[in-house]
Amino acid sequence: MRMSAFFLPTLKETPNEAQIVSHRLMLRAGMIRQTSAGIYAWLPLGLKVLRRIERIVREEQDAAGAQELLMPTIQPAELWKQSGRYDDYGKEMLRIVDRHDREMLYGPTNEEMITDIFRNAVKSYRDLPKSLYHIQWKFRDEIRPRFGVMRGREFLMKDAYSFDLDPAAARRSYQNMFLAYLRTFARLGLKAIPMQADTGPIGGDLSHEFIILAETGESGVFCDRRWLDLDVLRDAPVYGDDLEPFFTQATGIYAATDEKHDPATSPLPADQLVSARGIEVGHIFYFGTKYSKPLGAVVAGANGEPVTVEMGSYGIGVSRLVGAVIEASHDDAGIIWPDSVAPYQVGLVNLKSGDAGTDALCVDLYHKLQAQGTEVLYDDRDERPGAKFADMDLIGVPWQLVVGPRGLKSGVVELKRRGTAEKHELSPESALARLLA
RNA sequence: CGGGGCGUAGCGCAGCCUGGUCAGCGCGCCAGUUUUGGGUACUGGAGGCCCCCGGUUCGAAUCCGGGCGCCCCGACCA
């Protein structure tokens with residue numbers, strides 16, 4: 001993408017409604033614009049990052065054996081009346097009446113709908129287990145939306161649902177997703193700690209929240225000091241293995257959200273316990289027959305007897321993750337994208353657009369990088385070098401390839417790593433080789 | 001939903017108490033000159049239902065009433 005043509009409205013100053021760093025940077029970097037309280041438009045740069053994260057989440061769900069489908073955002077109230085949640089959910093649910101006075105709602109989650117789809121299609125224990133997921137916009141009419149995409153009313157969520165014949169099998173499904181979540185967050189460059197959690201209105205009795213430690217997090221959390229530099233995935237099993245030992249070990253190291261943590265019964269001495277704040281990026285639940293029973297999701301068991309299926313649900317806040325990654329990775333100059341989610345791999349900076357030499361070299365590098373499948377943001381604007389550096393740092397592209405008249409004289413370009421500010425003067429050829437390695 | 005605050009140019013703000021010489025500043029934007037390795041400097045220019053409705057007044061961005069919107073602190077959630 002040529003920056004001269006890119007719709008990238010960056011800001012020098014910070015809009016005053018933005019309190020936390022991720023919100024400020026997303027506005028300044030031209031990633032999002034607010035359209036009303038807790039509702040955002042995703043501009044091209046922001047959407048690109050959202051898609052990258054979505055893709056990693058999807059790849060890991062697929063690898064874990066879940067199957068993707070897509071359910072609508074608008075749901076009939078009827079299903080929610082069957083589950084009993086139509087009244088329970090309260091004002092957080094956006095209720096809609098259509099032209100025929102039918103009660104509808106904008107889905108805050110999809111347990112009812114997926115259970116309905118499942119019960120109509122699956123009649124035999126032979127078809128179990130099944131895990132289904134989708135990545136769809138949700139709406140929860142939060143009392144107080146805040147912090148940009150971290151607590152929006154409309155947000156993109158990956159929600160998966162597992163169906164099993166008995167509690168033991170459901171536990172395996174839960175553990176499978178547990179591993180998938182740890183792997184997903186690790187691929188996003190995040191350290192997520194699984195914590196014992198309350199189940200809230202979703203219901204159930206086995207539940208973990210995945211928390212990124214951050215000053216600006218909304219959740220109070222407590223964990224064993226050992227979590228701070230633990231690489232929980234180092235000796236992790238692979239999908240399909242018996243996950244029980246791994247699960248027992250990982251959940252054996254204490255970590256709990258403040259709703260769940262009781263100082264009176266804390267298993268840790270004070271000097272071993274870390275009290276911190278965190279961002280909830282994922283939440284998994286095992287809730288048994290909470291929905292399958294009222295909605296009648298029943299299959300024939302091995303002896304022909306009816307069996308109400310055991311269910312779990314598993315959520316990842318995809319749009320929230322964009323903010324969470326920024327909270328975890330930025331400096332005074334702007335965002336520092338991990339390579340896995342960066343909107344562009346390389347920022348190509350022409351320090352003197354209009355100079356025949358730098359123009360020619362830049363265009364050559366631009367085409368060669370693109371030909372190899374590298375996503376390049378080429379700053380060909382007629383701006384001062386300082387403005388270009390500042391914008392590139394703000395946007396956070398992992399590699400900056402800088403071409404200027406001075407270096408050109410001695411046949412070198414500069415390759416800079418955004419995260420470390422490490423710089424190397426190289427020939428254009430070796431810079432290319434380095435980037436394509 | 002309780003408490004607090006804000007709404008004036010794309011963004012950040014001043015002006016409001018004490019009504020009229022009050023449509024302003026900085027950044028950004030446009031044109032030109034200049035400059036060219038970390039947000040350059042100068043000149044000129046465009047851009048505003050002063051959130052909306054009503055009231056008071058000779059006169060309202062300013063005072064009064066009512067709405068709407070947004071933000072912050074708390075109780076809830078991916």
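Every chain is numbered from 1 and lettered A, B, ... according to where its sequence line falls, protein lines coming before strand lines.
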Checking A:Tyr106 against A:Ile96 for the side-chain contact (heavy atoms from CB on, under 4.5 Å) test, could you report, in this order, the C-alpha distance in whole Å, the side-chain angles of both residues, the deciding distance, and whether it holds?
CA-CA 7 Å; A:Tyr106 195 115; A:Ile96 304 168; 4.3 Å; yes
Side chain of [X] only, heavy atoms from C-beta on: which candidate in [options] is closest?
X	options	value
A:Met157	B:G12, B:A78, B:G74	B:A78
A:Ile143	B:C77, B:C73, B:C1	B:C1
A:Arg144	B:C76, B:C72, B:G12	B:C72

Can we say A:Lys260 and A:Glu209 salt-bridge, meaning some charged N sits less than 4.0 Å from an Asp/Glu carboxylate O?
no
Taking only Lys NZ, Arg NE, NH1 and NH2, and the carboxylate oxygens of Asp or Glu, determine whether A:Glu13 and A:Arg28 approach each other closer than 4.0 Å.
no
Judged by atom type as modelled, is there a donor-acceptor pair below 3.5 Å linking the side chain of A:Arg381 to the main-chain atoms of A:Met3?
no
Would you find a donor on one side and an acceptor on the other, under 3.5 Å apart, between the side chain of A:Lys158 and the backbone of A:Gly317?
no
Base-contact (B) and sugar-phosphate-only (S) positions in nucleotides 24-37 of chain B, heavy-atom cut-off under 4.0 Å, - elsewhere:
--BBS------BBB
Watson-Crick or G-U counterpart of B:C6, or none if no pair lies under 3.5 Å:
B:G69
Centres of the A:Tyr89 and A:Trp80 rings: under 6.0 Å?
yes
I need the residues from [range] with at least one non-hydrogen atom less than 4.0 Å from RNA chain B; give them sorted by number, or say none.
range	value
residues 170-188 of chain A	none
residues 19-32 of chain A	A:Gln19, A:Arg28
residues 47-70 of chain A	none

Hey, does [X] reach any base, or is it just sugar-phosphate, or nothing, if we go heavy atoms under 4.0 Å?
X	answer
A:Val318	nothing
A:Ala390	base
A:Glu280	sugar-phosphate
A:Leu11	nothing
A:Gly152	base
A:Lys91	sugar-phosphate
A:Asp391	base

Please report the distance separating the [atom1] of [N] from the corresponding atom of [M], rounded so that it comes out in whole Å.
N	M	atom1	result
B:A60	B:A23	P	13 Å
B:A46	B:A78	C1'	45 Å
B:G67	B:C27	P	41 Å
B:U43	B:G26	P	11 Å
B:A41	B:U36	C1'	13 Å

Using the salt bridge (Lys or Arg N to Asp or Glu O under 4.0 Å) criterion, which residues pair with A:Lys138? Sequence neighbours excluded.
A:Asp159
B:C77 base to A:Arg151 side chain: any donor-acceptor pair below 3.5 Å?
yes
Hey, which of A:Phe285, A:Tyr239, A:Tyr314, A:Phe210 is the one that makes ring pair (Phe, Tyr, Trp, His ring centres under 6.0 Å) with A:Phe178?
A:Phe210
Considering the options A:Lys81, A:Arg85, A:Arg119, A:Lys290, which one meets the salt bridge (charged side-chain N to carboxylate O under 4.0 Å, His left out) requirement together with A:Glu112?
A:Arg85
Measure from NZ or CZ of A:Arg418 to the centre of the six-membered ring of A:Trp337, then state whether that distance is under 6.0 Å and the direction lies within 45° of the axis.
no
Does a donor on one side chain and an acceptor on the other come within less than 3.5 Å for A:Tyr254 and A:His261?
yes
Determine, step by step, whether A:Leu206 and A:Ile284 satisfy the side-chain contact (heavy atoms from CB on, under 4.5 Å) criterion, reporting the C-alpha distance in whole Å, the side-chain angles of both residues, the deciding distance to 0.1 Å, and the verdict.
CA-CA 8 Å; A:Leu206 176 56; A:Ile284 61 179; over 6 Å; no
Going by salt bridge (charged side-chain N to carboxylate O under 4.0 Å, His left out), name the pairs with one or both residues in residues 343-352 of chain A, residues two or more places apart or in two chains.
none
